[in-house]
Peer 1: 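Can you read through this structure? Questions will come right after.
Everything numeric in this text was worked out from a predicted model, so none of it was measured.
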Amino acid sequence: MESYKSKLESKDMDFLFEAILSLKNKEECYKFFDDICTINEIKALEQRLQVAKMLKQRRTYLDIASTTGASTATISRINRCLNYGSDGYNLVFDRIDWKND
């Protein structure tokens with residue numbers, strides 16, 4: 001299986017990630033993502049993280065789909081990433097307070 005780095009890694013991708021890592025707070029994130037993404041792109045990222053959170057909370061696909069508007073195909077893909085992916089979702093969930101939302 002191809003690693004996450006071989007699928008994504010490039011000088012330009014490194015530049016993007018360095019830009020994101022330079023952001024210091026939520027206000028800076030709002031400003032940067034407002035400029036770099038469309039509203040739909042930002043909302044899609046938001047939805048995927050919400051789906052991942054709800055899967056970690058053991059919510060059903062039906063509940064997740066009705067709450068987030070995500071398709072079952074999207075939910076299934078995110079579930080696959082949580083279980084067999086690069087562990088990126090779990091890395092973030094280990095670092096932030098998400099259980100009390």
Side-chain angles (χ1 to χ4, degrees):
M1 182 175 167
E2 204 175 1
S3 78
Y4 67 93
K5 283 188 84 171
S6 64
K7 290 186 283 187
L8 293 174
E9 192 170 30
S10 72
K11 229 167 119 174
D12 293 335
M13 191 63 72
D14 286 350
F15 183 67
L16 171 64
F17 291 154
E18 287 297 325
I20 293 168
L21 289 168
S22 76
L23 301 171
K24 294 183 177 13
N25 54 47
K26 288 179 191 175
E27 183 180 345
E28 289 184 2
C29 288
Y30 275 105
K31 288 178 178 182
F32 179 72
F33 282 95
D34 185 46
D35 282 350
I36 200 166
C37 296
T38 66
I39 296 296
N40 288 340
E41 290 167 338
I42 296 169
K43 290 289 190 183
L45 295 172
E46 174 192 42
Q47 181 189 64
R48 288 177 182 199
L49 192 57
Q50 187 68 21
V51 167
K53 181 174 102 172
M54 293 175 79
L55 285 166
K56 297 279 286 179
Q57 294 168 333
R58 306 268 188 230
R59 307 267 288 273
T60 66
Y61 275 34
L62 187 59
D63 182 29
I64 295 168
S66 67
T67 301
T68 66
S71 69
T72 54
T74 296
I75 298 167
S76 180
R77 182 191 184 287
I78 293 166
N79 193 46
R80 200 167 43 256
C81 288
L82 283 169
N83 293 305
Y84 308 108
S86 301
D87 221 24
Y89 283 114
N90 290 317
L91 182 72
V92 168
F93 287 137
D94 287 346
R95 293 182 181 171
I96 63 172
D97 180 20
W98 60 276
K99 293 178 183 176
N100 296 323
D101 289 344

Peer 1: Do the side chain of S86 and the main chain of G88 share a donor and acceptor less than 3.5 angstrom apart?
Peer 2: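 Pair absent, no side-chain N/O of S86 close to backbone of G88.
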Peer 1: Do Y61 and S76 have side chains that approach each other closer than 4.5 Å (heavy atoms only, starting at C-beta)?
Peer 2: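 A side-chain contact exists here, since the closest heavy-atom pair is under 4.5 Å.
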Peer 1: Given side chains that start at C-beta, do those of R48 and Y89 come closer than 4.5 Å, heavy atoms only?
Peer 2: yes
Peer 1: Answer yes or no: is there a donor N or O on one side and an acceptor on the other, between the side chain of T67 and the main chain of D63, under 3.5 Å?
Peer 2: yes
Peer 1: Testing the basics here: between I36 and E41, what is the closest heavy-atom pair and its distance to 0.1 Å?
Peer 2: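 Smallest interatomic distance, heavy atoms only, reads O-OE1, 4.3 Å.
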Peer 1: Check the hydrophobic clustering (I, L, V, M, F, W, Y; side-chain heavy atoms under 4.5 Å; chains of links allowed) and say if L23 and M13 are grouped together.
Peer 2: yes
Peer 1: List the atom of F93, the atom of K53, and the distance in Å for their closest heavy-atom pair.
Peer 2: CZ-N, 3.6 Å
Peer 1: Any sub-3.5 Å donor-acceptor pair from D87's side-chain atoms to N90's backbone N or O?
Peer 2: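 No, the answer is negative, given that no donor and acceptor are paired below the 3.5 Å cut-off.
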Peer 1: In Å, rounded to the nearest 0.5 Å, how long is the span from CD1 of I64 to OG1 of T60?
Peer 2: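 If I round to the nearest 0.5 Å, the distance is 6.5 Å.
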Peer 1: Between I42 and F33, which heavy-atom pair has the shortest distance, and what is it?
Peer 2: CD1-O, 3.2 Å
Peer 1: Check whether Q47 reaches the backbone of T68 with its side chain - one donor and one acceptor, N or O, closer than 3.5 Å.
Peer 2: yes
Peer 1: Does CZ belonging to F32 count more than 12 external heavy atoms closer than 6.0 Å?
Peer 2: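 Counting neighbours around CZ of F32, more than 12 heavy atoms of other residues, nucleotides or ligands fall under 6.0 Å, so yes.
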Peer 1: Checking N83 side chain against N79 main chain: does a donor-acceptor pair fall under 3.5 Å?
Peer 2: yes
Peer 1: State yes or no: do I96 and I78 share one hydrophobic cluster built from I, L, V, M, F, W and Y residues joined by side-chain heavy-atom distances below 4.5 Å, directly or via other members?
Peer 2: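 Yes, I96 connects to I78 through the hydrophobic network.
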Peer 1: Under a 4.0 Å threshold between the charged nitrogen and the carboxylate oxygen, would E28 count as salt-bridged to K31?
Peer 2: no
Peer 1: Heavy atoms, side chains only, cut-off 4.5 Å: are V51 and L55 in contact?
Peer 2: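 In short, these two side chains touch, coming nearer than 4.5 Å.
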Peer 1: Do N25 and Y30 have side-chain heavy atoms sitting under 4.5 Å apart?
Peer 2: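 N25 vs Y30: side chains apart.
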Peer 1: Looking at every non-hydrogen atom in both residues, tell me the closest pair between I75 and A65 and how far apart they are.
Peer 2: CD1-N, 3.6 Å
Peer 1: Looking at side-chain heavy atoms only, is the closest gap between M54 and Q50 below 4.5 Å?
Peer 2: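 A side-chain contact exists here, since the closest heavy-atom pair is under 4.5 Å.
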Peer 1: Enter the distance from L16:CG to S10:OG here, rounded to the nearest 0.5 Å.
Peer 2: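 Going from the CG atom of L16 to the OG atom of S10 covers 9.0 Å.
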Peer 1: If I compare all heavy atoms of L82 with all of A52, which pair ends up nearest, and what's the gap?
Peer 2: CD1-O, 3.8 Å
